[in-house]
Amino acid sequence: MGNAFASSIGVLRLSLWEWFKLRRRWMPWILLAILVLFPQIGAVGSYFIYRGDISSADLGVESTYSFSVTDNDGQLVEFHFTCDDIYEFQPESIESLPPETRMMVLDSVQSFERQCSGEGGLETSESREFFVMPASIANGLSAASFVGIIVAMVLAASMIGTEYAWGTLRTNLVSGVARRKFLASKILTLLAVVAGGLLVTALIMALTSLLFTFLVRHVGGGWTEGDWATAFIMFGKVFYALVPYLMLAVLFAVLTSSTGVGTALAMGYYMVEAIAAGIMTGLFDWFQPVAEFLLGPNVAAWLSHNAVVQVTIGVSADADLGAWHNFLVLLAYTVALGAAAFWRFQRRDVAGAKGD
């Protein structure tokens, strides 16, 4: 027990040192910017589509609504409403009116409120889900999963491959660092960085959503779209879906001792599997059971649950298999790829700096 605790502390210390080195490099920050900005494209596009829907509904033609009624004393009472203050109307303010007149006023107010909210169904427009929280966060993270796979593979291959290229791996191992601890610290740092990147993406998406929702506040529909549970679930799902691709890049970087080759092989597998799975599934019925155990289709199905829109190119998402099937397949890939990477890293001879 004591040895396991000491080993864990050693891995954590190495991970902190890895983070200290990583944060001084430009590439991780560039990858983070790409990860953060990609979902913003959908949010910005959806906002302008929604603004176009508002304009086509002619919501601003009758910006002020006025009418007059007579109270119990026969006095004329005038009402003036705009879309900005229609939601502040208090029924108590018309208690002095006759019952029939009160009903007429309430019907008029409700009619104008529907006009401000958009009779064309703007309150329930699907475009709102991409820039109004919390649905915007869930959809933003789902969209980020596509570029996130690429970012995770590039970052993983770079962190491993540069150690071979610069010759620092040999220096670290000679100084007494255990191989398994060294690789474990690399993977732990990668996992933390990927989780942090997704968190930053969600926070930036929240700020963007607040801005866009404020800009269309006069249309109505509320400040929330969807439920927060979906946003938290999608965060966990996207992170879990990125882990096997991260381990794939780690394995290829260990096998090739190269950042460039490791990245190319990992991305090549990702693209070839996506294209081949789509073609083979469409041509041969017998390939469908095989596709059910491929990485890409299971990632696509895993991210497609809860009806959250997800971005996966060229991969068939068979959600009928169930979340547990997708979860276990992704876990099997993660364990198998990780075990292969550790096995090869433990047994490979390490030379000095070799460039890349």
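Numbers here are sequence positions counted from 1. Scope of the values below: all heavy atoms of this structure, side chains included, with no hydrogens, waters or symmetry mates.
Using cut-offs of 30° and 60° on the angle between ring planes, the pair Y245 and Y270 is perpendicular. The aromatic rings of F327 and W324 lie perpendicular to each other, with more than 60° between the two planes, well past the 30° mark. Between F212 and F131, the two ring planes are perpendicular [angle over 60°; tilted spans 30° to 60°].
The hydrophobic cluster containing W343 does not contain L251, counting ILVMFWY residues as joined when their side-chain heavy atoms lie under 4.5 angstrom apart, directly or transitively. Side-chain heavy atoms closer than 4.5 Å link hydrophobic residues (I, L, V, M, F, W, Y) into clusters, and following such links, even through other members, never connects V11 to W17. Hydrophobic clustering of Ile, Leu, Val, Met, Phe, Trp and Tyr side chains at less than 4.5 Å, counting indirect connections, unites L283 with V290. There is no path of hydrophobic side-chain contacts, each under 4.5 Å, that joins L203 to L37. By the rule that hydrophobic residues join a cluster once side-chain heavy atoms approach within less than 4.5 Å of another member, Y333 and V272 end up as members of separate clusters.
Of all heavy-atom pairs between P39 and V36, the closest is CD-O, 3.2 Å. Across N298 and E292, no two heavy atoms sit closer than the pair ND2-O, 2.8 Å. Closest approach of A138 and A231 over heavy atoms only: CB-CA, 3.9 Å. In terms of heavy atoms, L14 sits closest to K181 at CD1-O, 3.8 Å. E273 and G296 get closest at one heavy-atom pair: OE1-N, 2.8 Å. When all heavy atoms are compared, the tightest approach of T256 to G262 is OG1-N, 3.6 Å.
Looking at heavy atoms from C-beta onward, S209 lies out of side-chain contact with V132 at the 4.5 angstrom threshold. Side-chain atoms of R180 and F345, non-hydrogen and from C-beta on, never get closer than 4.5 Å to each other. A heavy-atom distance below 4.5 Å is found between the side chains of R24 and F20. L337 is not listed as a side-chain neighbour of V250, based on a closest heavy-atom distance of 4.5 Å or more. Side-chain contact between M280 and W286 is present, with at least one heavy-atom pair separated by less than 4.5 Å. Side-chain contact between F293 and H325 is present, with heavy atoms from C-beta onward closer than 4.5 Å. F38 places a side-chain heavy atom less than 4.5 Å from the side chain of F146. With contacts defined as side-chain heavy-atom distances shorter than 4.5 Å, the pair T263/M153 does not qualify.
Distance check, rounded to the nearest 0.5 Å: OG1 of T162 to CE of M27 gives 7.5 Å. The distance from atom NZ of K237 to atom CG of L303, rounded to the nearest 0.5 Å, is 7.5 Å. Taking CZ from F239 and OG from S145, the interatomic distance works out to 14.0 Å, rounded to the nearest 0.5 Å. In this structure, CD1 on I149 lies 10.5 Å from CE on M267, to the nearest 0.5 angstrom. Taken to the nearest 0.5 Å, the CE atom of M234 stands 5.0 Å off from the OG atom of S142. The structure places CG of L246 at 5.0 Å from CG of L190, a figure rounded to the nearest 0.5 Å.
Open room surrounds CZ on F232; 12 or fewer heavy atoms of other groups in view lie less than 6.0 Å from it.
Checking side-chain atoms of R25 against main-chain N and O of K21 turns up no donor-acceptor pair under 3.5 Å. Without hydrogens or angle criteria, W19 side chain to T189 main chain gives no donor-acceptor distance under 3.5 Å. Listed for the T281 side chain is a donor-acceptor partner under 3.5 Å among the backbone atoms of A277. No donor-acceptor pair closer than 3.5 Å links the side chain of W302 to the backbone N or O of A323. Put simply, the side chain of K186 never gets that close to the backbone of I160: no donor and acceptor are under 3.5 Å apart.
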Exercise. Under the side-chain contact (heavy atoms from CB on, under 4.5 Å) rule, what do L295 and V329 come out as? Steps first, then yes or no, please.
Key: CA-CA 7 Å; L295 180 57; V329 170; 5.8 Å; no
Practice problem: Take I137 and F235 through the test side-chain contact (heavy atoms from CB on, under 4.5 Å) and record every step on the way to the result. | Solution: CA-CA 9 Å; I137 297 177; F235 179 92; over 6 Å; no
Quiz prompt | Stepwise side-chain contact (heavy atoms from CB on, under 4.5 Å) test for L169 and F182 | solution = CA-CA 9 Å; L169 175 58; F182 183 83; 3.4 Å; yes
Self-check item: Audit row: F342, R179, side-chain contact (heavy atoms from CB on, under 4.5 Å) steps and yes/no
Solution: CA-CA 9 Å; F342 272 96; R179 293 195 179 205; over 6 Å; no
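Side-chain contact check for S185 and S15: no donor-acceptor pair (N or O, by modelled atom type) lies under 3.5 Å.
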